[in-house]
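Numbers restart at 1 for each chain; the letters A, B, ... are given by sequence-line order, proteins then strands.
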There are 4 protein chains.
Amino acid sequence: MIDIQSQRIEDGLPIDKVGIKNLKYPIIVKDKYSVSQNSVATINLYVSLPREFRGTHMSRFLEVIQEVGLKKINRRHIRSLLLRIKDVLDAKAAHIEIHFPYFINRKAPVSGAEGLMEYDCALFGIHDDEDRFRLTLEVGANVMTLCPCSKSLSPESGAHNQRSRVNVRIQSGPLIWIEDIVDIIESCASSPIYTLLKRVDEKYVMEHAYRNPRFVEDMVRLVAEELKCTDGIHWFSVESEHFESIHNHNAYAFLECGDRDLEDQ
Amino acid sequence: MIDIQSQRIEDGLPIDKVGIKNLKYPIIVKDKYSVSQNSVATINLYVSLPREFRGTHMSRFLEVIQEVGLKKINRRHIRSLLLRIKDVLDAKAAHIEIHFPYFINRKAPVSGAEGLMEYDCALFGIHDDEDRFRLTLEVGANVMTLCPCSKSLSPESGAHNQRSRVNVRIQSGPLIWIEDIVDIIESCASSPIYTLLKRVDEKYVMEHAYRNPRFVEDMVRLVAEELKCTDGIHWFSVESEHFESIHNHNAYAFLECGDRDLEDQ
Amino acid sequence: MIDIQSQRIEDGLPIDKVGIKNLKYPIIVKDKYSVSQNSVATINLYVSLPREFRGTHMSRFLEVIQEVGLKKINRRHIRSLLLRIKDVLDAKAAHIEIHFPYFINRKAPVSGAEGLMEYDCALFGIHDDEDRFRLTLEVGANVMTLCPCSKSLSPESGAHNQRSRVNVRIQSGPLIWIEDIVDIIESCASSPIYTLLKRVDEKYVMEHAYRNPRFVEDMVRLVAEELKCTDGIHWFSVESEHFESIHNHNAYAFLECGDRDLEDQ
Amino acid sequence: MIDIQSQRIEDGLPIDKVGIKNLKYPIIVKDKYSVSQNSVATINLYVSLPREFRGTHMSRFLEVIQEVGLKKINRRHIRSLLLRIKDVLDAKAAHIEIHFPYFINRKAPVSGAEGLMEYDCALFGIHDDEDRFRLTLEVGANVMTLCPCSKSLSPESGAHNQRSRVNVRIQSGPLIWIEDIVDIIESCASSPIYTLLKRVDEKYVMEHAYRNPRFVEDMVRLVAEELKCTDGIHWFSVESEHFESIHNHNAYAFLECGDRDLEDQ
């Protein structure tokens, strides 16, 4: 059989990323307390392709995943996987994106009733053509926000509030746990949200939120200030999107801070 | 060229629906005030297929759409299109589903500032094997709801409120306008929501919502009671989904009332 | 604290379904070979509400899930959960919908190389007001289909083929395994699809598909005929959607067969 | 009423983007032949916020849209809108993102039968803090691709082919029409795809695709080479995603070329 992918071509353009996209795969992640957590990931895995080759070998991406497995998702494991991909595909750079739901057990603020909260996380890894490795962690958490302007306008009727989504991306030297980013996001909101709330909790949550109103601008700034004070983070971005209860569209803010290690992430 | 689709087969099962799905097409709808509104629809168009034929002729669905056009979406036009489909494809029954965004100009409650609100609408048409025609209209509107329980718990801190989605489906004798269904949905909510609100409006909306708290159960019942009193509606369903500001999951209610004309819609 | 939900109301309409929607939760499912599989589910859980009560108690849905857990998803477990929900909420009927990705290890047809394939599954349970329990299983599998018409038109250029999605829903007396439904769907397609294929496999798959062309009508009929011959299935539906490589829209077919036990599923 | 948004704060972080997201709005775009086309857009509109202000004024984004309108979407109009936003909100930089479906009438290659094809387009405009304006156009088109490797493996059984999605983004001096980008994308594919094909066309399309097999790498390189030869384009990116008929995951490639004018797009 002819290996068409390996054909030499002339005057081709180099390709930044080529590989597989939207692969669903079961994974295991270790949480902050060393407990293993099963999840289901959506995975993209790419390499760079030099100008002189016609194509990459798609099946080898799957062979490497099958061989290396995704049973211990952490910094070391992702680096090994990217190195193996570079080796097997004879590539200068390799990229991986792993999106997965992550669960943390949360206690309601008064009753202490427990419930699992879901957070949308992602890991973006790159091993570049100068053999540098960089990992970016993304954590998405839903929170409650209450509008400061509305509070000042209608003191006897409360204020409009809503579910909001906050996404944080960080690049750090040492490992930062998902749990720590979630704690930062939730502590900056008008209130965290919960899976299970009894009425005493619901009362507490509402009163707490009323005392802590947050614009979309407040949300990104407060989270950013916490991230700036967290040791080891040298770059981060924060975005917040409020699904406002009084509008059909959303309020949105984004800010970025620090130096990204590698450009193309 | 052999016409494989027309091959006779033996012992085949009759197929309830076969045709094209997820076709994007520009349409024109006339609003309540006879103004034409351009929109972009997502269209599914099916026929039934008797047991003795191997296949239908997919290209003819498109030929009929191309010939009849979708520039005047109304009851009469949809019936003609289904009759034409039945004729061209020699089918016993024909089904169409047309999903489209629809815009209504709304004035803010105090300032009168205007803004376009978007509603997700759909028309489901069937012309069945006994030559009966039935049209179902779906209207989806986002509204604001404020929790009665939360209001009673935290009288000095307001109450949790959120964006909610209400979907109504109706079957009626005479035509019911989208605008009329939207008016019913919005009048039953804690408050309508708006594209453009100035601060005097925001104050009004919040105070209005606080005086009109709504559980998800209240929403579907109030809308249902209005629909029951509307002349000409002989079947309807109402669903309401509240994207609760204190939870990661949603509150949901559904009720159905009256007699559906034709079973398989 | 006043229990507003328990307020008696007059002239209310009964509500078919009220509860929680879009809850993400980790689950464990046992596969055909008694191996436990971790997955992440999206869950809806509803009860019926009689006309005389204003509201249900949303937090109790979560308490029951927290108490009963979702670590052994099977027929018996779902029935217990629904009975518990009916009991705790004093409801006449209870409904659950559990959507989850499910993985099966598949061997490539020639090389035997292994790879995990993902299938989108769902369980729909109802415990109704006459104490009848009914479970519906849904299995969604992607397959390859090759067009018989195209094959006859261009004998020297192959035929257009594409990824297609087949969804099966069944109601059965005894348990039918997800693996068995997947086997039926894949055996009826032009070819199963795979996560990992080497070149010898890719050659085999293409030649197999070319010998087994399938219209969208063929797909639903072939699957239906297999389901009809499967002991214990008394109702099923099959739909197939082909993301045709020559069009921007999809080809679609649906058929339903047998008697549904309970109406409102 | 107190204007909380205008409150001065100390030590705040500057915010890169704050504004409204996911606003649905009807728009009018002029096509290459000066015919006006109605569409429905999804719009994001942001400004930068300096460190000393607590918040922006969300309602003014809508006032500007209401005042300026979106009835003539083109380069000049978008610049005016951004300038007006900067002025009204006293902002240093403004960003707009307009996503919309766009239709082009296409003739089948042999029969000449006409049908409307839908393309997903977007315009990204920025007016930055040095008063520079930059517009990026995105065009997404679905095409047919046929695998060169598969063709070589199974000469008598054709080759696997599938629907693929190609997205191009360009920055150019003079205006480049959507139609021209679509022509480039479609001419580089194994074959364009169509809304309406008769059997003579289907035969032609299949034979054309068979003679023009394309890897995902071929697709992005061929499109890139055409874009490089197009006068006035100084930066572009191309991505191609093949929904492969033999796999559950997709093949993907991305390349970028030239100098971006402004960094933060």
ask   = Among C149(D), P14(D), G19(D), S152(D), which residue forms the greatest number of heavy-atom pairs with chain A at distances under 4.5 Å?
value = G19(D)
ask   = Heavy-atom distance under 4.5 Å to chain A: side chain of E225(D), backbone, both or neither?
value = both
request  = Could you tell me which non-hydrogen atom of E217(D) sits nearest to which non-hydrogen atom of R54(A), and how far apart they are?
outcome  = CB-O, 3.4 Å
note = Okay, L222(D) and chain A: the region with an atom under 4.5 Å from a heavy atom over there is neither
ask   = Given that the side chain runs from C-beta out, which part of I9(A) has a heavy atom under 4.5 Å from chain D: side chain, backbone, both or neither?
value = side chain
ask   = What part of E256(D) is in contact with chain A, defined as an atom under 4.5 angstrom from a non-hydrogen atom: side chain, backbone, both or neither?
value = both
task = For the pair R221(A) and L49(D), evaluate side-chain contact (heavy atoms from CB on, under 4.5 Å) and give the outcome as yes or no after the intermediate values.
result = CA-CA 11 Å; R221(A) 276 177 170 145; L49(D) 187 74; 4.0 Å; yes
ask   = Out of N22(A), L13(A), V216(A), L255(A), which one racks up the most heavy-atom pairs below 4.5 Å with chain D?
value = L13(A)
key: With sequence neighbours excluded, residues passing ring pair (Phe, Tyr, Trp, His ring centres under 6.0 Å) with H247(A)   = H249(A)
key: Residues of residues 55-62 of chain D contacting chain A, heavy-atom criterion under 4.5 Å, by residue number   = G55(D), T56(D), M58(D), L62(D)
query = Taking only residues two or more places apart in sequence or in another chain, which ones pass side-chain hydrogen bond (donor to acceptor under 3.5 Å, both in side chains) with K151(A)?
reply = none
task = Under the ring pair (Phe, Tyr, Trp, His ring centres under 6.0 Å) rule, collect the residues that match up with Y46(A), sequence neighbours excluded.
result = Y252(D)
request  = Sort out for me which of N44(D), N248(D), I20(D) touches chain A most, counting heavy-atom pairs under 4.5 Å.
outcome  = I20(D)
task = Let me know if K228(D) has heavy atoms under 4.5 Å from chain A in its side chain, its backbone, both or neither.
result = side chain
inquiry  = With chain D as the partner, which of V238(A), D218(A), T42(A), V220(A) has the greatest number of non-hydrogen pairs under 4.5 Å?
reply    = D218(A)
Any side-chain heavy-atom pair of F215(A) and I4(D) under 4.5 Å = yes
query = Does CG in D129(D) sit with more than 12 non-hydrogen atoms of other residues, nucleotides or ligands closer than 6.0 Å?
reply = yes
